[in-house]
2 protein chains.
Amino acid sequence: MSILIKNATIITGATDAMVLTDHCIGIKDDLIEFVCPSSELSSEFQADTAIDARDMLVMPGLVNAHTHSGTTILRNYAGDKKLEDWLFNHIIPAEMKLTPEDVYWGAKLAIIEMLKSGTTSIADMYWHMDYAAQAFQESGMRAVLSKSPLMFKDMSVDLAGCVEYYNKWHNTADERLKVYLEVHSTYLYNPDLLEEAAKVAKQLNTGIHIHLLETKHEQRETYQKYKMSGAELCEKCGIFDVPVIAAHCVHLDEQDYEILARHKVNVVHNPSSNLKLGSGIANVPKMLQRGINVALGTDGAASNNNLSLFKEMNLAALLHNGVAEDPLAITSSQAIAMATSNGAQALGLNTTGVLQAGKKADLILLSTKGAHINPITEPLSAAVYSAQASDVDTVIVDGKILLANKELVSIDEELVIAKVKEIARRIIE
Amino acid sequence: MSILIKNATIITGATDAMVLTDHCIGIKDDLIEFVCPSSELSSEFQADTAIDARDMLVMPGLVNAHTHSGTTILRNYAGDKKLEDWLFNHIIPAEMKLTPEDVYWGAKLAIIEMLKSGTTSIADMYWHMDYAAQAFQESGMRAVLSKSPLMFKDMSVDLAGCVEYYNKWHNTADERLKVYLEVHSTYLYNPDLLEEAAKVAKQLNTGIHIHLLETKHEQRETYQKYKMSGAELCEKCGIFDVPVIAAHCVHLDEQDYEILARHKVNVVHNPSSNLKLGSGIANVPKMLQRGINVALGTDGAASNNNLSLFKEMNLAALLHNGVAEDPLAITSSQAIAMATSNGAQALGLNTTGVLQAGKKADLILLSTKGAHINPITEPLSAAVYSAQASDVDTVIVDGKILLANKELVSIDEELVIAKVKEIARRIIE
């Protein structure tokens, strides 16, 4: 299978040449074979499919580095609540009623929304993850999956089940699926368990996906309990000796920045969720200055209530410029990198996130026909500040077209929405 | 002309009954004749047009209480710049090249974007406003228009021209157009001129649209020059003796809240613009607690770069919850009120902003078919946190359908976009 994208304005995601105008992209099987000026297109390249991108912006597929896909079922439920009330009196009681099959349909709905808004790779952690894995296998997307070892019924821990999950799914589906170990947080895990989890991850030669320093409450409690910060605790227990996806990192002390930088911890900034739940505002410009890799995430649909990386990219740029009172606190190209190449790096996917020859063909085409995006005097500004999820016209992952003319190629959207509505009615009383 | 909307879930905007399910709305000419449960629909009401709203959310039309519609031409231009560099080295030099006809096309593009994202009323201030008025007259929208009296060539002031503009346009187009006096700001006007403008507004029995306390720099300079805040200066010069639309109000001192509340000044919060330009974050929860009417605005497309009130409504809710570290700092119903009834009040339009019998028929229907908005367990959460501009399916203003099935009824969108692209190429070198 080969695809030729012609007459394209390309946001490459590469820092040295962020925008290319009037270029072509040739795709052969799962790889980008070339990116070249239109004038240099060789007539030898025979494409099965040709896409005229004259009215499009071409970008790397977006990376959602922290989400809980099954929670789309809980979207628009229990709004306007304090965090503890929201979580313990509403969300968790509803989640307790979810069957494994419910999580399959919830993940399906997330996949539809994410593909239609240009997301091609994600890091997902939740329960009943065998069923989510099945949905991601079918989806064509890339996913780093983490299954919770916590058995919420009795709060016991099943790390062996996580190893089994790793063995079953890691590197399957043409290597689109990876498995990381879930370490929920330093407040649900005690130090012994953190150490054990770190050992298991090392043995499996995989990474860890963790929630870290999301709230002030968490920060305070960790200090009280352990006389050290959550970041210090992770360091001490060996968590940071493997690749880590650390979601949130809102409440860091001075030393924590140094610890995260030294261990090359990948931080996932979830601006919508942190704001909506009143968790606070992570100091992303400071992290970037310290050389920490910062990616973007939507968190779950229950605390966002969208899974659009275009929204998170826009919000990240706006928010930090406003907080710092500096319109250059996060530049457009930094925001794009956070949503693409930084995200790919966070997920350990060095083969994607940038549009260059030799990389995986994970890319999206945005329609530029809408009134709201014109004129596109500066493509980077247009992508960060004007583009909307609904502009996504075409999505290609691993060289396969998953969305064309804004329509999903192989998912029955109406069926999935109907199923999820039915589940939501059942579990929310 | 009569319209019947059936099987609707309605967000009324009224504080006592924010959500009604399975209701009908009857529209006769420009007015809402009734809102009633489907079971109580009288067979006597004969509708020329019937709309089945089974897969829709019905809301009051949104109000954009501060924008500069002509600046869509400058969208996506001069991103990633410090405010002074952005304004004085890029935006103003480009604006100097705008012809009156350019502003007509810029306003047309703004109108297309605003209607397609559910905005039905706006407050607009800019130059060449005769041409903008023509565009708004043709549009079918409501607009409170303000023409700048500043002649930027020699910084002279032409208040007589504003009176002439008032006499020409105020209450025209079936009273859809109103004219307020523009007082740009306390830094471009000296106290004598502020007093004179206040007198003119009083004589005309109209209001004033002003930028107030947008930046720290402005706040500091006003203190240095006048030994008082911008709000005190406005009070002293009589500006607050007429209805006022005060955009921004980011940098207020303790006493300023009291002054704004006492004079019933309408504050317009422009979260995207304030964040993007690094102006800072207005303390909206505090204003609301003090009983100040706070509406929402997009500001111009040059500093946003969208004109979507759905985005501003979402951002306002998220932002203040995050800053206050309190998920109830701005509730969903407060965010909706800011985008609807508070906006109508700010524009002096007490006939719109709420869906009730006797009010003007200004309303929008959102498609609820998208994956990203389902399930809609709580309609208020869905409207504030999940809905996107692209969900707007139908827009009715003054009882006339201006958008149907996401298509504009009487504006040639492609032509307008082509014109604006051409203008942008000419004025931006």
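Bear in mind that the values here come from a model prediction, so they are computed numbers and not experimental data. What's counted below: heavy atoms across the whole structure, side chains too, no hydrogens, waters or symmetry copies. Order of the sequence lines sets the chain letters (A, B, ...), proteins ahead of strands, with each chain counted from 1.
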Let me check something: any side-chain donor-acceptor pairs from residues 321-331 of chain A under 3.5 Å, sequence neighbours excluded? List them with distances.
unit_1, atom_1, unit_2, atom_2, d
A/Asn321, OD1, A/Ala329, N, 3.3
A/Asn321, OD1, A/Ile330, N, 2.9
A/Asn321, ND2, A/Ala317, O, 3.2
A/Asn321, ND2, A/Pro327, O, 3.3
A/Asn321, ND2, A/Tyr385, OH, 3.4
A/Glu325, OE1, B/Lys216, NZ, 3.3
A/Asp326, OD1, A/Leu328, N, 2.8
A/Asp326, OD1, B/Lys82, NZ, 3.0
A/Thr331, OG1, A/Ser333, OG, 3.4
A/Thr331, OG1, A/Gln334, N, 3.1
A/Thr331, OG1, A/Gln334, OE1, 3.4

- A/Ser386 side chain to B/Asn305 main-chain N or O, any donor-acceptor pair under 3.5 Å? yes

- Under 6.0 Å from the CZ atom of B/Arg54, do we count more than 12 heavy atoms belonging to anything else shown? no

- Under a 4.5 Å heavy-atom cut-off, does chain B meet the side chain of A/Leu319, its backbone, both or neither? both

- Note on the structure: Rounding to 0.5 Å, atoms CD1 (A/Ile373) and CG (B/Asn76) come to a distance of 7.0 Å

- Pairs of heavy atoms under 4.5 Å with chain B: top-ranked of A/Asn274, A/Ile281, A/Leu277: A/Leu277

- Under the side chain to side chain contact (heavy atoms under 4.5 Å, CB included) test, residues paired with A/Glu378 that sit two or more places apart: A/Ser381, B/Tyr77

- Item | Most chain B-contacting option - heavy-atom pairs closer than 4.5 Å, from A/Ile73, A/Leu83, A/Leu74, A/Asp391 | A/Ile73

- Contacting moiety of A/Ser279, where chain B heavy atoms sit under 4.5 Å: backbone

- Cut-off 4.5 Å, heavy atoms of chain A, and the answer for B/Thr72 is backbone

- Query: Between A/Arg75 (side chain) and B/His372 (backbone), is there a donor-acceptor pair under 3.5 Å?
  - Reply: yes

- With respect to chain B, which residue among A/Lys311, A/Glu113, A/Lys369, A/Lys276 yields the maximal number of heavy-atom pairs within a distance under 4.5 Å? A/Lys276

- Minimum heavy-atom distance B/Leu315-A/Leu318, with the two atoms named: CD2-CD1, 4.0 Å

- Message: Report which part of A/Leu380 has an atom under 4.5 Å of a heavy atom belonging to chain B: side chain, backbone, both, or neither.
- Response: neither

- Mind ranking B/Val384, B/Asn304, B/Asn374, B/Ile376 by heavy-atom pairs under 4.5 Å with chain A and telling me who comes out on top? B/Asn374

- Query: Going by heavy atoms in the side chains, are B/Leu275 and A/His320 under 4.5 Å from each other?
  - Reply: no

- Residue list, side chain to side chain contact (heavy atoms under 4.5 Å, CB included) with B/Glu407, at least two apart or on another chain: none

- Message: As an exercise: rank B/Ser117, B/Ala382, B/Ala301, B/Ala424 by heavy-atom pairs under 4.5 Å with chain A and give me the winner.
- Response: B/Ala382

- If contact means a heavy atom pair closer than 4.5 Å, which residues of residues 413-423 of chain A contact chain B? A/Glu413, A/Ile417, A/Val420, A/Lys421

- Note on the structure: Cut-off 4.5 Å, heavy atoms of chain B, and the answer for A/Asn314 is side chain

